[in-house]
Amino acid sequence: MHDEFLCHVTAYGVCDGRRIGVPLGTYRAPTLALALWWLRDRASWMAERLDPQPESEHIPPGALVPVADTVRDVPALLRAWCADLDRQELVADELAGGRLVRIAVSDDTTEYELLAESVDALRMQRTVPALVLPVG
């Protein structure tokens, strides 16, 4: 069982013809449960900022406009991922098995990525090449 997990949230877009990543948060989770909680929390956080409730008191009237039906609904996809218990269990199994998990959704301009991996698996990957290099 892997005990510690490194989690990242990044938004990617194109600026001056180059793909640019903007870090939105990093968390070193001491348990699998906290890693999953943080990923869901960040997905919900992004969804709320991308698609806030129009009646929210901190949003001026008329500040929000609907997007075209052809644009992927990233906030809805993030909310659906958070609510899908089967997907959450799959993510937990992958992380517990030491595998990298990447959840990515995108619209016309931006890709949003949630990434998590076992710190133990990262350490093991760093030591593997040293163990398999020929001597002499």
Side-chain angles (χ1 to χ4, degrees):
M1 177 65 160
H2 296 268
D3 295 329
E4 205 174 7
F5 302 89
L6 196 54
C7 307
H8 306 278
V9 177
T10 308
Y12 295 95
V14 176
C15 181
D16 250 357
R18 297 184 314 157
R19 182 177 157 102
I20 303 294
V22 178
L24 300 177
T26 299
Y27 177 57
R28 191 170 181 143
T31 66
L32 177 58
L34 285 173
L36 292 169
W37 171 84
W38 191 83
L39 291 171
R40 281 190 307 271
D41 181 69
R42 293 295 84 192
S44 295
W45 176 83
M46 284 191 296
E48 179 58 29
R49 270 126 194 99
L50 291 169
D51 185 20
Q53 299 304 316
E55 62 276 359
S56 294
E57 62 195 42
H58 61 279
I59 302 201
L64 300 176
V65 295
V67 296
D69 290 338
T70 57
V71 176
R72 290 186 69 195
D73 190 348
V74 168
L77 293 169
L78 290 169
R79 289 181 178 113
W81 179 80
C82 289
D84 190 330
L85 298 179
D86 291 335
R87 285 186 180 171
Q88 299 303 314
E89 192 168 321
L90 177 63
V91 168
D93 290 345
E94 292 294 307
L95 286 173
R99 289 176 291 283
L100 171 76
V101 171
R102 179 178 183 264
I103 297 114
V105 294
S106 60
D107 57 23
D108 288 354
T109 62
T110 309
E111 178 183 54
Y112 303 92
E113 176 186 75
L114 298 130
L115 193 69
E117 56 193 328
S118 162
V119 172
D120 293 335
L122 284 170
R123 289 179 185 142
M124 288 186 282
Q125 288 171 4
R126 287 187 191 129
T127 61
V128 168
L131 296 173
V132 296
L133 290 175
V135 177

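Heads up: numbering here begins at 1 and tracks the sequence. The structure displayed is predicted, hence computed values, not measured ones.
- In this structure, Leu78 CG and Ile103 CD1 are separated by 9.5 Å, a value rounded to the nearest 0.5 Å.
- Considering CG of Leu95 and CG of Leu100, their distance stands at 8.5 Å, rounded to 0.5 Å.
- Between the CG atom in Leu39 and the OG atom in Ser44 there is a gap of 11.0 Å [rounded to 0.5 Å].
- Side chains of Leu34 and Tyr27 form a contact here, defined as non-hydrogen atoms less than 4.5 Å apart.
- Between Arg40 and Cys82 the shortest heavy-atom distance is O-SG, 3.4 Å.
- A heavy-atom distance below 4.5 Å is not found between the side chains of Thr10 and Val22.
- Atom OG of Ser106 is separated from atom CG of Leu77 by 9.0 Å, given to the nearest 0.5 angstrom.
- The two residues Pro75 and Leu50 make their nearest non-hydrogen contact at CG-CB, 3.6 Å.
- For the pair Val9/Trp38, a side-chain contact is recorded, criterion being any heavy-atom separation below 4.5 Å from C-beta on.
- With hydrogens and angles ignored, the 3.5 Å screen pairs no side-chain donor or acceptor of Asp16 with any backbone N or O of Arg18.
- Counting heavy-atom neighbours within 6.0 Å of Arg19 CZ, excluding the residue itself, gives a total above 12.
- For the pairing with Arg102, the side-chain hydrogen bond (donor to acceptor under 3.5 Å, both in side chains) check across Glu94, Glu113, His8, Glu117 returns one residue only, Glu113.
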For this session: Apply the test side-chain contact (heavy atoms from CB on, under 4.5 Å) to residues Trp81 and Gln88: give CA-CA distance (whole Å), side-chain angles for both, the deciding distance (0.1 Å), then the verdict.
Result: CA-CA 8 Å; Trp81 179 80; Gln88 299 303 314; 3.5 Å; yes
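- To the nearest 0.5 angstrom, Asp51 atom CG is 6.5 Å from Asp73 atom CG.
- Remark: the backbone N or O of Ala47 is paired with a side-chain donor or acceptor of Arg79 at under 3.5 angstrom.
- Here the CD1-OG1 distance, from Ile20 to Thr110, works out to 12.5 Å after rounding to the nearest 0.5 Å.
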